[in-house]
Amino acid sequence: MSNTSTTSTNHRWQGVLPSAIEAVGNTPLIALDRLRDEHKLKCRILAKVEFFSVGGSVKDRIARRMIQKAEEDGTLIPGYSVIIEPTSGNTGIGLALISAIKGYRCVITLPNKMSREKEATLRALGAEVVRTPTDAAWDSEESHIGVARKLRDSIPGGVILDQYSNENNPLAHFHETYQEIKHSLDTSNFANKRIAALVAGAGTGGTITGLSKALRADQKAQGEKEHAVVVGVDPVGSILAGGCVGPYEVEGIGYDFIPEVLDPGKPNIDQWVKTGDDESFAMVRQVIRTEGLLTGGSSGSALAGAIKFLQDTPEGQAIAQREGANVVVVLPDGIRNYISKEWFLSESLNAQPTHLSGEKAQILSNNIAPATNGKPNGTASKGINGNTNGHTNGIAHEENGIVHVDQVKTREGEE
């Protein structure tokens, strides 16, 4: 056997990392060619897949930077300070993860609508979790922000790093996330390495604001005349892109107020697209099936918004028909946080059976002729425990696309 390998290896890190903190970020940019083809687009759709970060989301980045800068300026004192943060969950997980490593105590306030998986992950990392009413206005004492402020004022050493106003939220994406995207494109085999459009959902707005400002600065430095279009995605029920406050199920994006770190207008954000729960969750199912990426609900919103922009707007349509045009979409987190959610379980467990469903039921039935494995000599397939007598060793029935074997026979006439 030759010692020369024909498989190239991409090394995300060099050497041994001193802690999980160093595994924050450094996520891949992945071409969604099958999704593109299904929607009959000619441009590339490139996904910045943030669930590859150590804590599972894009928010790991801001958690690391906010803690680092707070330690540098003396806001956080190791051994004394208590980190308190109102969050939809992912920023809390990033803060709790780093707190566990650095030894900080951590308290997270979390609206009731956020998933049980997020709470379980937070508690596993050693954080205390306080649930708050989902419908509480952001500036009320009962909201996750109001409760966090009360705890900060009452707990000695309490500090709110405040992702909604902390400049290190967008700066994490200005200095880190954008540079990773640029590196991925620059080291690709694409003839065109420029970004035609950048699409991201907005919650605090730190991700899209930081990326947009970095993109604008880079294009100016490079002397590029083509203006990349930055598209913000906002759920129906949020006011970031206008509209009325209302309920929605997607987590982690949208708010009933405009956070300080969000720069919502031009030239930072060129266009906004509103998305609903149904189209967001449908896109999650599609990207899981077509691309094998286990994305979360807000990632579905970002992709659904990108498709809307490319299909329904003049600027998007022009980009969509340009072969080689690069449309970058940020996918904030993965399905890990939402496994127990009804929108995922109901569709996943009751999904439309595949074309193999009937075939597998027939194979597991004991009333069919032996299969031949596709061999020209007609060799029969073996049954469950190796027989080739033309019968399987169980009685099977199908229900909702799932084949259940009710009993297994070891010999004819025995159960």
Side-chain angles (χ1 to χ4, degrees), residues 9-30 47-72 75-85 87-108 110 114-129 159-161 163 166 168-169 171-181 183-184 204 206-207 210 251-252 293-296 298-299 330-339:
T9 302
N10 294 319
H11 299 284
R12 295 174 65 191
W13 300 283
Q14 298 297 320
V16 177
L17 303 182
S19 77
I21 297 173
E22 285 69 34
V24 168
N26 204 0
T27 58
L29 192 65
I30 299 177
K48 184 63 169 166
V49 187
E50 289 294 283
F51 65 71
F52 282 94
S53 183
V54 65
S57 87
V58 68
K59 294 295 191 174
D60 295 348
R61 299 174 183 274
I62 74 169
R64 178 173 65 180
R65 187 176 180 90
M66 288 194 304
I67 288 178
Q68 175 189 346
K69 296 303 180 180
E71 288 178 332
E72 290 175 1
T75 300
L76 283 180
I77 303 171
Y80 174 70
S81 296
V82 179
I83 295 175
I84 302 168
E85 189 73 14
T87 169
S88 298
N90 281 328
T91 300
I93 290 171
L95 291 171
L97 185 152
I98 296 172
S99 294
I101 295 169
K102 288 179 168 285
Y104 289 107
R105 292 172 294 164
C106 186
V107 182
I108 300 300
L110 191 69
M114 306 309 167
S115 72
R116 294 182 67 193
E117 287 85 349
K118 288 178 179 176
E119 180 179 349
T121 302
L122 286 164
R123 292 189 184 280
L125 288 166
E128 294 290 335
V129 178
V159 173
I160 296 178
L161 296 175
Q163 60 178 320
N166 194 315
N168 291 299
N169 178 348
L171 285 175
H173 304 293
F174 184 96
H175 291 295
E176 299 172 22
T177 317
Y178 179 76
Q179 299 307 318
E180 291 178 18
I181 293 170
H183 175 76
S184 294
T204 66
T207 300
E251 299 181 27
L293 289 174
L294 298 169
T295 59
S298 59
S299 296
V330 180
L331 307 188
D333 72 357
I335 201 64
R336 178 197 72 183
N337 286 338
Y338 313 103
I339 294 293

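Just so you know, residue 1 is the first one in the sequence shown, and it goes up from there. In this text, all values refer to a predicted model and were calculated from it rather than measured experimentally.
Under the rule for a salt bridge (Lys or Arg N to Asp or Glu O under 4.0 Å), the partners of R64 that lie at least two apart in sequence or sit in another chain are E176. The side-chain contact (heavy atoms from CB on, under 4.5 Å) search around Y178 returns K182, I195, L211, A214, L215, D218, not counting sequence neighbours. Partners of E119 by side-chain hydrogen bond (donor to acceptor under 3.5 Å, both in side chains), not counting sequence neighbours, listed by chain and number: R123, R131. The side-chain contact (heavy atoms from CB on, under 4.5 Å) test applied to T204 returns K59, Q163, Y164, N169, V261, not counting sequence neighbours. Partners of Q179 by side-chain hydrogen bond (donor to acceptor under 3.5 Å, both in side chains), not counting sequence neighbours: none found. Under the rule for a side-chain contact (heavy atoms from CB on, under 4.5 Å), the partners of H175 that lie at least two apart in sequence or sit in another chain are R65, L171. With sequence neighbours left out, the side-chain contact (heavy atoms from CB on, under 4.5 Å) criterion links A124 to no other residue. Partners of N90 according to the side-chain hydrogen bond (donor to acceptor under 3.5 Å, both in side chains) rule, which considers only residues two or more places apart in sequence or in another chain, are D333, N337. Every residue two or more places apart in sequence or in another chain was checked for a side-chain hydrogen bond (donor to acceptor under 3.5 Å, both in side chains) with R116, and none qualifies. Residues forming a salt bridge (Lys or Arg N to Asp or Glu O under 4.0 Å) with E85 (at least two apart in sequence, or on another chain): none.
Across all non-hydrogen atoms, the minimal contact from T87 to L110 is O-CD1, 3.3 Å. Taking every heavy atom of both residues into account, A20 and V54 meet most closely at O-CG1, 3.5 Å. Smallest separation of non-hydrogen atoms from A172 and R61: CB-O, 3.9 Å. The shortest heavy-atom contact between Y338 and E117 is C-OE2, 3.9 Å.
Of the inter-residue distances, the one linking R336 atom CZ with L294 atom CG reads 12.0 Å to the nearest 0.5 angstrom. One distance of note links NE2 of H173 with CG of N168; it measures 11.0 Å at 0.5 Å rounding. Note that the CG atom of L161 and the CD1 atom of I62 stand 9.5 Å from one another [nearest 0.5 Å]. Note that CG of L125 and CD1 of I93 are 7.5 Å apart. Values are rounded to the nearest 0.5 Å. In this structure, the separation between CD1 on I67 and OG1 on T75 is 12.0 Å, given to the nearest 0.5 Å. Put simply, CD1 on I335 and OG1 on T295 are 6.5 Å apart, with the number rounded to the nearest 0.5 Å.
Counting only heavy atoms from C-beta outward, the side chains of L331 and F51 never approach each other to under 4.5 Å. Within the 4.5 Å cutoff, the side chain of P332 has no heavy atoms near those of the S57 side chain. Under the 4.5 Å side-chain criterion, counting only non-hydrogen atoms from C-beta, I84 is not in contact with V159. Using a 4.5 Å cut-off on side-chain heavy atoms (C-beta onward), I108 and M114 make no contact. With contacts defined as side-chain heavy-atom distances shorter than 4.5 Å, the pair T177/T207 does not qualify.
Atom CD of E128 has 12 or fewer neighbouring heavy atoms from other residues, nucleotides or ligands inside a 6.0 Å radius.
A distance-only check finds a donor-acceptor pair linking the side chain of E180 to the backbone of N26 [under 3.5 Å].
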For residues 94-104, dump all side-chain donor-acceptor pairs below 3.5 Å to protein atoms at least two apart in sequence or in another chain.
{"unit_1": "S99", "atom_1": "OG", "unit_2": "L95", "atom_2": "O", "d": "2.7"}
{"unit_1": "K102", "atom_1": "NZ", "unit_2": "E71", "atom_2": "OE1", "d": "3.3"}
{"unit_1": "Y104", "atom_1": "OH", "unit_2": "E71", "atom_2": "OE2", "d": "2.7"}

